[in-house]
Structures are given as C-alpha cells and as structure tokens.
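These notes are about the structure you will find just below.
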Amino acid sequence: MTVKIFDTPEVQDFLKAVSGFDQDGGNERAKQVIHRLLSDLYRLIDDYDVTPEEFWSAVSVLNALGQGTQFGLLSPGLGFDHYLDMRMDAADEQARLNGGTPRTIEGPLYVAGAPELQGSGRMDDGADTDAETMWLTGQVRDTDGQPIAGARVEVWHADSKGGYSFFDPSQSEYNLRRTIVTDAEGRYAVRSIIPSGYGCPPDSPTQQVLDLLGRHGQRPAHIHYFISAPGYKHLTTQINLAGDPYTFDDFAYATREELVVEGKRIEDAAEAEQRGLEGPFTEVVFDIELARTDDPELQHRHKRPRAKEDEQDRASQQAGTAKV
Ligand code: MBD
Ligand code: FE
C-alpha cells in the first residue's frame, strides 16, 4: 500500500498547528525548528512508507537511549559532533580566524572541576597497575611560535580498560583528569598512564543503532584537551595515538591527520629518573598552537550541559558573592 498525503493542505495545516504557529506563547525559534524537523520526518514517513511497527520500534529505541543517557554517545556516532566541527571550521575560515592546532570533538565524557597543577604533576591515582606509564608533555604557543605562559591545559582520558572516572564508578574521583597551567616557557608535563580505546557497551541502545548500520562502536586510544589563554581562541581537541587499529577508523569521526601522535617508548633509566619515573615509559608529545582573538566569547568553551559544570559555576559564583 502506497499513499502520498504529505503535500495535502490538510497535512500542511496540521503541521503548522502541531508546531504552535497559531499560538501566541512559546518560542519563535523553537517553533520554526520543530516545524522543519516534523515536516522532514512526516515527509520521510510518507516517502518511505514507514509502518506503525517501524515507527514504534524507533520510539522504543529513543526511550532506551534517554533512559541510559546515551544521546551524547549516539550523537558522535551519527557524526553530529564532527558536523558541528566542520561548520565551525568553515565559519573560522570565513572570519579569517583559522590557524593553529585543529579542533576536534569534545565527546560526552568531560567532567568539570578537575584538580589544577602548576606546570606538571601526576594524573593517575596509581590503581591501574596493568597500564603503561605515560609522560605527556608539550608546549603551548601562538601561531608565530611564541610560547604562552599561564595557559590552561585541561586533559582527560580513559584508563587501560577504556573507562573514564566519574562515568566508571570503580575509579577514584577525577582520576585521569587534570587542569595544567603552563610554565614560563609555555610547557606542561604530566605523568599518567597510556589510555586504551573506548568501545560502546555491546548491549547498549547506541550499539543497537550502529548494528543496524553495520558499524562498530570503537574509538582509538585518545586524549582529550581544552586549551585556553586570555587573548586566544579556546581550543577543544584530542590526540589519537598512532598504531591503534582504530586510529583511522573512529566511530566518532574525531581523527584528524594533524592530531595523530606517535608515543615513544623510552627504556633508558637516566631518562626515566630525569622525569621522576621509576621504569620504562612511553613519552607522548603534543605541542599546541592557539590562534589570537580579541572576542571574549571565543576565548571560552561554548555552553553545553557538562557533568559537574553547574556545580562549579555555582561554587565560583558563591565564592564571588562571599568576597563582597
Ligand atoms: C569517548 O571517550 C569519546 O571521546 C567519545 C567522543 C564517544 C565515546 C567515548
Ligand atoms: Fe574520549
């Protein structure tokens, strides 16, 4: 049975009513966006003859995604995060704000309020005894190669099982999450552990959707960064470690050629001692270049719901109030 009713006045009027066009209240932008979204979906149902069974199974998947707070995981899997990056890249190009280390997606696993280190320190709590020691270091510079002292380098990554503290309750608070303030030479250097790649839980609704597309849900080993300094454009990025089977086959599409870093295994005891390490380790070097901007809006990460971010805001606002 094939029917085509989308273009009838009845359906078009119905869409306007559903979108609140005949109502005074509500939000104009929301009305426009939802009207377009519903129109596209209604048309899809008509064009593809979507059956009630198919429709309700989609509703059930959406319920499961919401129940498991997995929309933030399916989103990079369906390329939305990377698509937003592509749009920001294009906007930067248009405004001649490009240059510096490329951005890539934030992902859903950031937690605000990690402990702060001055120049260097340790990110892991020592509990992950299977893991290879990592020495993660680099210099933050401007696009002319001048070091930026006092830049804030926020780093977060997974453990040797691919789990992130906070989301993996077996890890200690803020394990593998730190904010490092660069030293006078713009450098940061931390001891941590080499992360493993991440895999979507096999029985999750996200993986269920990926299965329908014949796709895996794996990410290569990677390390997330937020980098900011007054007068410079905030940078959200990641490095992907070379040699992982998924380095160039990331389900979240975050890999960029310039962001693939090869770890260097160092076995020399003197080199280890120099860094305060006991044994062999892998050094990962990531230098970062920030583009200048006077626009204060661009100097901070964009707003988005993030774990513990509201608490942090409230805490700093309260601290601010307490001072006056
Ligand atoms: C991750 O660690 C991640 O960075 C993304 C984008 C999605 C799932 C897990
Ligand atoms: Fe990640």
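Every heavy atom of this structure was used, including side-chain atoms; hydrogens, water molecules and symmetry mates were not. Indexing begins at 1, ligand by ligand and atom by atom, following the structure's order.
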Going by heavy atoms in the side chains, are Leu259 and Thr104 under 4.5 Å from each other? yes

Charged N-O contact under 4.0 Å between Arg301 and Glu309: yes

Under a 4.5 Å cut-off applied to non-hydrogen side-chain atoms, are Glu132 and Ile193 in contact? no

Please verify the inter-ring angle class for Tyr198 with Phe251; under 30° counts as parallel, over 60° as perpendicular, anything in between as tilted. parallel

ring-ring contact (aromatic ring centres under 6.0 Å, His included), that's the test. Do His216 and Tyr246 meet it? Break it down for me. CA-CA 10 Å; His216 68 70; Tyr246 296 102; 4.8 Å; yes

Report yes or no: does His222 have an N/O/S atom closer than 2.8 Å to the Fe ion (ligand 2)? yes

In His224, which N, O or S atom comes closest to the Fe ion (ligand 2)? NE2

What is the ring orientation for Trp156 with Tyr110, classed by angle as parallel under 30°, tilted 30 to 60°, or perpendicular over 60°? perpendicular

List, for ligand 1, each N/O atom that has a protein N/O partner under 3.5 Å away, with both atom names and the distance.
from: ligand 1; atom 1: 2 (O); to: Tyr164; atom 2: OH; distance (Å): 2.9
from: ligand 1; atom 1: 2 (O); to: His222; atom 2: NE2; distance (Å): 3.2
from: ligand 1; atom 1: 4 (O); to: Arg219; atom 2: NH1; distance (Å): 2.6
from: ligand 1; atom 1: 4 (O); to: His222; atom 2: NE2; distance (Å): 3.2
from: ligand 1; atom 1: 4 (O); to: His224; atom 2: NE2; distance (Å): 2.9

Just wondering, is there an N, O or S atom on Tyr164 that's nearer than 2.8 Å to the Fe ion (ligand 2)? yes

Heavy atoms, side chains only, cut-off 4.5 Å: are Val285 and Asp287 in contact? yes

